[in-house]
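Keep in mind that this is a model prediction, so the values were computed, not measured. Naming convention: chains lettered A, B, ... in sequence-line order (proteins, then strands); numbering from 1 in each chain.
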Amino acid sequence: MTRFNPKEAEPRWQARWEAEQAFTAFPDASREKYYVLEMFPYPSGRIHMGHVRNYTMGDIVARYKRAQGFNVLHPMGWDAFGMPAENAARERGVHPAIWTYENIATMRGQLKAMGLSIDWSRELATCDPEYYGQEQRMFLEFLERGLVYRKESAVNWDPVDETVLANEQVIDGRGWRSGALVEQRQLTQWFFKITAYADDLLKSLDTLERWPEKVRLMQSNWIGRSEGLRMRFAITGEARGLPGAGELEVYTTRHDTIFGMSFCAISADHPIALELAAKDPVIAEFCKQCRDIGGTAEALERAEKLGFDTGLRVRHPFIAGREAPVYIANFVLMGYGTGAIFGCPAHDQRDLDFARKYGLSVVPVVAPEDNPGVIIENDAYTDDINGRMINSDFLNGMDIAQAKAEIARRMQAMSSGEPAVSFRLRDWGVSRQRYWGCPIPVIHCAKCGVVPVPYDQLPVTLPHDVTFDKPGNPLTHHPDWKHMDCPECGAGAVRETDTFDTFVDSSWYFARFCSPRANVPVDPMEAEYWMPVDQYIGGVEHAILHLLYSRFFTRAMKETGHARDAEPFSGLFTQGMVTHETYKDANGAWLFPEQIIRRDGAAVHRESGAPVLVGKIESMSKSKRNVVDPETIIAQYGADTARWFVVSDTPPERDIEWTESGIEGAWRFTQRVWRLVDESLAKLPLVNAPVPDGRGRASVALRRASHNAITWVTEDIERFHFNRAVARIYELANGINSFINLDCTEAAAGYALREALESLVILTAPMMPHLAEECWRALGHDRLLVHTPWPKADPELTRADQVTIIVQVNGKRRGELGLAPGTPRQEVENLALAMEAVIRHMDGKPARKVVVVADRIVNVVV
RNA sequence: GCCCGCUUGGCGGAAUUGGUAGACGCAAGGGACUUAAAAUCCCUCGGCUGUAAGGCUGUGCCGGUUCGAGUCCGGCAGCGGGCACCA
């Protein structure tokens with residue numbers, strides 16, 4: 001008996017696939033294409049289990065679709081710009097480019113060891129000038145089209161490191177490295193006009209039928225479209241001299257509640273608030289307090305609703321003589337609507353809390369249909385669909401929709417308001433004050449202003465000779481890189497030293513894969529053929545930003561002639577994370593899983609034998625040390641075992657727990673498949689032997705098991721139910737095992753066994769491709785399994801010759817009947833009524849009703 | 001606070017979408033082989049009850065619809081995720 005040795009076999013098959021260029025993709029109009037893509041990795045240095053799971057799933061789809069006859073594109077690249085490279089440069093003195101390309105080399109080797117069916121000839125890294133030069137070209141085209149603009153925007157500024165910090169680098173208001181208090185600084189920055197597509201990005205979500213509902217909902221909420229009314233109130237009293245010519249403009253979606261208005265509130269950043277703050281230090285102090293809450297949702301959540309009465313009053317548009325006070329309030333945001341609201345406490349919880357605090361009136365104006373005399377205590381009536389207007393003059397008796405329409409009509413007639421649509425979505429700021437990113441290809445000239453770098457001077461490449469010994473951006477410190485002559489007037493000018501947000505790089509790489517070496521962003525012929533991505537796979541953490549930016553970018557590319565379709569990904573799957581138990585020693589220090597062994601059911605330290613505290617199961621992270629290194633696992637068990645484990649048992653969209661016993665179970669199965677094949681070889685007829693005439697019960701049953709497995713596994717892979725596919729494969733293996741144990745002498749036994757083993761091998765191949773090739777060759781095939789078509793189940797063989805019909809009395813199972821499929825109802829009923837157990841449970845009563853579901857169930861009701 | 005989602009044995013999870021609840025795997029227990037171990041193979045495995053055949057019960061909790069509910073409806077609880085005090 002031999003064993004399957006992955007250490008020897010896996011590299012051998014990988015070399016063979018490479019030699020045959022089995023995964024190199026060429027456009028071929030005569031064949032249907034299928035583009036499978038997993039989110040490309042950041043080259044951090046080593047792959048982790050999340051990558052293994054992600055790329056295994058993509059590879060299953062790629063190999064399956066290839067076997068189904070599709071022309072498959074399955075590329076790989078590197079999201080190679082970003083801060084960790086600069087951190088490494090500062091901490092260890094290694095140049096970001098060197099650090100990055102070395103990491104890429106390591107990780108490429110690790111991914112290749114997984115046996116992924118990737119077209120490596122299309123590999124790209126976003127830090128290749130060949131790649132980012134085309135990105136710069138598209139930026140300039142977007143600029144020409146008005147899809148890009150500059151404006152002032154605040155950044156987190158670390159005064160000690162003299163650098164801009166990303167939000168995640170600000171911890172409790174301090175810089176992560178320096179510990180200095182972070183300041184807000186205004187910088188002029190570049191923005192992509194994603195809001196220009198807000199409506200389309202929202203509406204088109206409906207067309208993305210093969211996206212998870214959850215992701216579409218998250219994007220929809222993020223875009224946050226609302227329809228309302230912008231309305232202006234006359235300011236009375238000290239209105240003169242204030243911005244807005246004595247009017248306060250508010251935005252509301254509940255204009256139906258105008259008769260319940262008891263105050264207005266403006267943001268601390270509203271022009272009126274700024275003006276007042278400039279004159280009054282008390283107001284200035286209050287505004288500062290409001291801003292200081294800032295930041296996280298949680299902080300805002302806990303903050304008490306605070307207001308400052310400005311002394312201003314606005315006139316109610318429909319009630320003569322009625323006025324409402326204007327407050328500056330900490331819960332009104334300048335960035336949304338007009339930065340001002342009117343408060344109707346009876347129908348908005350925040351407004352109600354605010355009104356109670358400041359003793360403002362609470363007048364209900366909408367009543368539930370079943371409670372016209374509604375009284376508001378501590379809960380606002382916030383239903384904005386069902387209700388009838390009360391206490392509202394000419395609106396009384398209308399429903400909410402009618403009331404909204406009437407107010408909109410009247411406000412428009414008075415030229416005091418108009419319908420308005422608001423979005424939560426804001427334009428995408430892409431400027432980063434960093435070295436290791438794509439340079440923004442513009443020049444600042446004292447005379448000509450912002451001048452685009454001429455197309456023939458692209459790419460603007462990063463200078464290699466930079467130093468990281470000073471705080472701040474090395475590009476601005478570089479002695480000569482930024483200095484140049486203005487392309488328009490020839491005078492001395494400076495380059496932009498900001499680089500792009502790395503989300504820009506990842507917003508079009510999927511299109512670049514179609515033609516990674518082209519001297520245009522995308523080769524139209526290749527892109528026409530391959531795009532869109534048919535199946536995109538990645539973590540749900542990218543559900544909003546990366547996917548939304550990519551959808552925007554593809555629209556912008558469409559407008560500049562680089563894309564045919566607006567949507568880049570027609571199918572999306574978001575996979576769960578890989579988790580592991582956590583371990584701590586007596587001192588509370590985290591321990592690696594390999595430092596732990598189980599002794600008498602208790603976890604102890606491998607070397608010292610000291611007891612170990614087993615903590616929660618959490619997603620693998622270096623900080624908690626609950627990580628298992630894929631390279632170690634592959635060295636120990638082989639890639640196939642690792643691949644098999646990460647898709648077994650747990651549905652792909654859920655978090656999977658990595659366990660030692662689980663990987664051992666997967667390892668046992670690889671050996672089991674090999675053994676079933678190896679031990680059967682002597683009993684098998686030749687490849688392609690004709691179907692023998694003789695039949696036999698056991699052989700027919702085995703053939704049915706094979707064809708059922710083909711049916712089920714095919715369906716399960718199509719539907720991303722890899723864990724079920726795995727279960728079906730186990731069932732087939734169990735069936736083959738039982739058949740072998742029978743030592744069956746039927747004429748068809750050998751044929752049935754070969755068919756079963758070949759089915760097992762082919763169905764297993766997407767998950768365990770090396771083992772499958774090894775078995776395939778052992779079974780006598782010369783042609784590679786990767787070139788072998790996916791099998792089709794024969795419906796003749798899957799049809800059961802007998803079905804089990806459950807017999808119930810009053811809905812309780814009392815027995816079963818084994819009958820030929822399609823047995824007539826009456827016959828089934830008669831047989832059921834004649835059963836001893838049925839008669840017993842009918843207790844002498846007559847059957848009131850007999851429900852017969854064909855081939856399924858009989859229910860006798862007494 | 002709002003919006004989603006989930007809740008099935010010791011564990012991960014199945015259940016052809018209203019028709020045998022617990023497939024398959026892991027763990028556990030028993031047995032075979034072996035000098036022994038490993039590997040492998042066979043058997044048992046929701047709970048209660050019974051010598052057995054069987055019976056009762058069981059999919060977070062309460063109620064409803066139905067001949068029949070893990071699945072559909074209403075309410076509640078717990079857990080997880082998303083977010084925006086968004087007017």
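Contact annotation for A:N741: backbone-only contact, meaning every heavy-atom pair under 4.0 Å involves sugar-phosphate atoms and none involves a base. Residue contacts for A:R848: at a heavy-atom cut-off of 4.0 Å it reaches no nucleic acid atom on any strand shown. Using a 4.0 Å heavy-atom criterion, one finds that A:R254 contacts the sugar-phosphate atoms exclusively. Looking at heavy-atom distances under 4.0 Å, A:R230 makes no contact with the nucleic acid at all.
Side-chain N/O atoms of A:N859 include none lying less than 4.0 angstrom from OP1 or OP2 on B:U66. Taking only side-chain nitrogens and oxygens, A:K849 comes nearer than 4.0 Å to OP1 or OP2 of B:C67. A:R675 has a side-chain polar atom (N or O) that falls below the 4.0 Å cut-off from OP1 or OP2 of B:C41. Phosphate proximity of B:G55 to A:H841: present, with a side-chain N or O under 4.0 Å from OP1 or OP2. Contact annotation: A:R814 reaches the phosphate of B:C56 (side-chain N/O to OP1 or OP2, under 4.0 Å).
The pair A:R232-A:E418 meets the salt-bridge criterion, since a charged nitrogen lies less than 4.0 angstrom from a carboxylate oxygen. Under the 4.0 Å criterion applied to side-chain N and carboxylate O atoms, A:R840 and A:E836 are assigned as salt-bridge partners.
One atom, CG of A:N708, and another, P of B:A14, lie 20 Å apart when rounded to the nearest Å. Between the NZ atom of A:K812 and the P atom of B:C67 there is a distance of 17 Å, given to the nearest Å. To the nearest angstrom, C1' of B:U40 lies 13 Å from CD1 of A:I740. At whole-Å resolution of the value, CD1 in A:I341 and C1' in B:C85 are 9 Å apart. A:D256 places its CG atom 13 Å from the P atom of B:A87, with the value rounded to the nearest Å. Taking atom CD1 of A:I736 as the reference point, atom P of B:C41 lies 14 Å away to the nearest angstrom. At whole-Å resolution of the value, CD1 in A:I400 and P in B:A87 are 14 Å apart. As a whole-Å value, the separation of A:W222 CH2 from B:C4 P is 19 Å.
For the C1' atom pair drawn from B:G81 and B:A27, the interatomic distance equals 30 Å after rounding to whole Å. Of the C1' atoms belonging to B:A28 and B:C45, the separation is 8 Å, rounded to the nearest Å. Comparing the P positions of B:C6 and B:U16 gives a spacing of 15 Å, expressed to the nearest Å. B:C73 and B:U66 have their P atoms separated by 16 Å, given to the nearest Å. When the P atom is compared between B:A36 and B:G22, the two are found 39 Å apart, to the nearest whole Å. Spacing of C1' atoms, B:G68 relative to B:G75, comes out at 24 Å, to the nearest Å. Between B:G80 and B:C41, the two P atoms lie 40 Å apart (nearest whole Å). Comparing B:C56 with B:A69, their P atoms are spaced 15 Å from each other, to the whole Å.
For A:F342 and A:H255, the ring centers sit 6.0 Å or farther from each other. Note: A:F645 and A:Y637 fail the aromatic proximity criterion, with ring centroids not under 6.0 Å apart. Checked against the 6.0 Å centroid criterion, the rings of A:F423 and A:Y336 do not qualify as a close aromatic pair. Here A:F263 and A:Y358 keep their ring centres 6.0 angstrom or further from each other.
Mapping A:Q671 and A:G224 onto RNA chain B by nearest heavy atom places A:Q671 closer to the 5' end of the strand. Summary of the strand contacts: A:I656 and A:R350 both lie near RNA chain B, and taking for each the nucleotide with the nearest heavy atom, the more 5' one is attributed to A:I656.
For A:V332, the listed nucleotide lying nearest its side chain is B:A87; candidates were B:A14, B:C4, B:A87. Side chain of A:N737, nearest nucleotide from B:G19, B:C86, B:C41: B:C41. Across B:G82, B:G19, B:G13, the shortest atom-to-atom separation from the side chain of A:M218 is found for B:G82.
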Whether each nucleotide of nucleotides 20-27 of chain B has a protein heavy atom under 4.0 Å at its base (B), only at its sugar-phosphate (S) or at neither (-) is summarised, 5' to 3', as BS-BSSSS
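Legend: residues meeting salt bridge (charged side-chain N to carboxylate O under 4.0 Å, His left out) with A:K357, ordered by chain and number and at least two apart, are A:E304.
Taking CZ of A:R216 as the reference point, atom CG of A:L547 lies at 13.0 Å (rounded to 0.5 Å). Separation of atoms CD1 (A:I328) and CZ (A:F286) is listed at 7.0 Å; rounding is to 0.5 Å.
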Parsed dot-bracket for RNA chain B after applying the Watson-Crick and G-U rules with both distances under 3.5 Å and | for other-strand partners is (((((((..(((......[....))).(((((.......))))).((((....))))..(((((..]....))))))))))))....
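Using a 90° window around 0 for the glycosidic torsion, B:U17 falls inside it and is classed as syn. In this entry the base of B:G82 is anti relative to its sugar, with a glycosidic angle more than 90° from 0.
Ring geometry for A:Y583 versus A:H580: interplanar angle over 60°, hence perpendicular rather than tilted (30 to 60°).
Looking at A:I736 and A:L757, their side chains come closer than 4.5 Å, going by heavy atoms from C-beta outward.
With A:I223 as reference, A:L202 is the one residue of A:T195, A:L202, A:I194, A:D199 to meet the side chain to side chain contact (heavy atoms under 4.5 Å, CB included) rule.
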